[in-house]
Amino acid sequence: VQLQACGGGLVQAGGSLRLSCAASGRTFSTYVMGWFRQAPGKEREFVAAINWSSGTISYTDGVKGRFTISRDSAKNTVYLQMNSLKPEDTADYYCATKSGYRSRDYRDYPYWGQGTQVTVSS
């Protein structure tokens, strides 16, 4: 499984970014795709996850109403639309995938893309 994430950048507080994660190498119909982030000196934390087949979604509380995770099955791509960005959203963002149930624990995900950096200035 290969995951390729992109879309990070520098944005002012209140702005928006859309992250993309293109997946290849396996059929993902039974998989979960997740987004995580890691700020300097902090542990990697869960942001959002989506069941590839059912579309069921989970968010961490701090991004509800601001971030939207979605998938395009035809493109094997998962997106994270981030609106109303705050300086505390600054982090390296990673996409990851696993089979089976959705999980908020990054240790449950065996496959990872490279990080894409998001910096939100105040």
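From a predicted model like this one, the values you see are computed outputs, not experimental measurements.
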Is there a donor in the side chain of Tyr106 and an acceptor in the side chain of Glu43, or the other way round, less than 3.5 Å apart? yes
Measure the spacing between CG of Asn76 and CE of Met33 and express it to the nearest 0.5 Å. 8.5 Å
With rounding to the nearest 0.5 angstrom, report the CZ to OH distance, Arg37 to Tyr93. 4.0 Å
Should Leu3 and Trp112 be marked as a side-chain contact (heavy atoms from CB on, under 4.5 Å) after you check the CA-CA gap, both sets of side-chain angles, and the distance that decides it? CA-CA 6 Å; Leu3 301 176; Trp112 290 83; 5.6 Å; no
Sidechain-backbone polar pair: Arg104 side chain, Ala49 backbone, donor-acceptor under 3.5 Å: no
Point-to-point distance, once rounded to the nearest 0.5 Å, from CZ of Arg18 to OG of Ser70: 7.0 Å
Heavy atoms only: give me the nearest Asn83-Ser16 pair and the separation to one decimal. OD1-OG, 2.9 Å
Would a 4.5 Å heavy-atom cut-off, applied to side chains only, mark Val11 and Thr119 as touching? no
Say whether, by atom type as modelled, one donor and one acceptor occur between the side chain of Gln2 and the main chain of Ala23 under 3.5 angstrom. no
Beyond-backbone contact of Phe46 with Asp105, side-chain heavy atoms, under 4.5 angstrom: no
Is there a side-chain contact between Asp92 and Arg44, using heavy atoms and a 4.5 Å cut-off? no
Please give me the minimum heavy-atom distance between Ser20 and Trp35, naming the atom from each residue. O-CH2, 3.6 Å
Tightest non-hydrogen contact, residues Ala48 and Leu80, listed as CB-CD1, 4.3 Å
For Asp61 and Lys64, what are the C-alpha separation, side-chain angles and deciding distance, and is it a salt bridge (Lys or Arg N to Asp or Glu O under 4.0 Å)? CA-CA 5 Å; Asp61 287 345; Lys64 287 180 180 177; 3.1 Å; yes
Distance-minimising heavy-atom pair for Arg102 and Thr56: NH1-CG2, 3.1 Å
Mind checking whether Phe36 and Tyr109 have ring centres under 6.0 Å apart? yes
Taking the side chain as everything from C-beta on, heavy atoms only, tell me whether Phe67 gets closer than 4.5 Å to Gln81. no
Is there a side-chain contact between Gln114 and Gln4 (heavy atoms, below 4.5 Å)? yes
Give the minimum heavy-atom separation between Val120 and Thr90, together with the two atoms involved. N-OG1, 2.9 Å
Thr77 and Asp72: side-chain donor and acceptor closer than 3.5 Å? no
Write down the atom of Pro110, the atom of Lys98, and the distance for their closest heavy-atom approach. CD-CB, 3.8 Å
Given the rule that I, L, V, M, F, W and Y join up when any side-chain heavy atoms are under 4.5 Å apart, are Tyr79 and Met82 in one cluster? no
Rounded to the nearest 0.5 angstrom, the OH-SG distance for Tyr111 and Cys95 is 14.0 Å
Among Ile50, Ile57, Asn51, which one satisfies side-chain contact (heavy atoms from CB on, under 4.5 Å) with Ser54? Asn51
Backbone of Gly8 reached by a side-chain donor or acceptor of Thr116 within 3.5 Å: yes
Check whether any side-chain heavy atom of Trp52 sits under 4.5 Å from a side-chain heavy atom of Thr97, and report yes or no. no
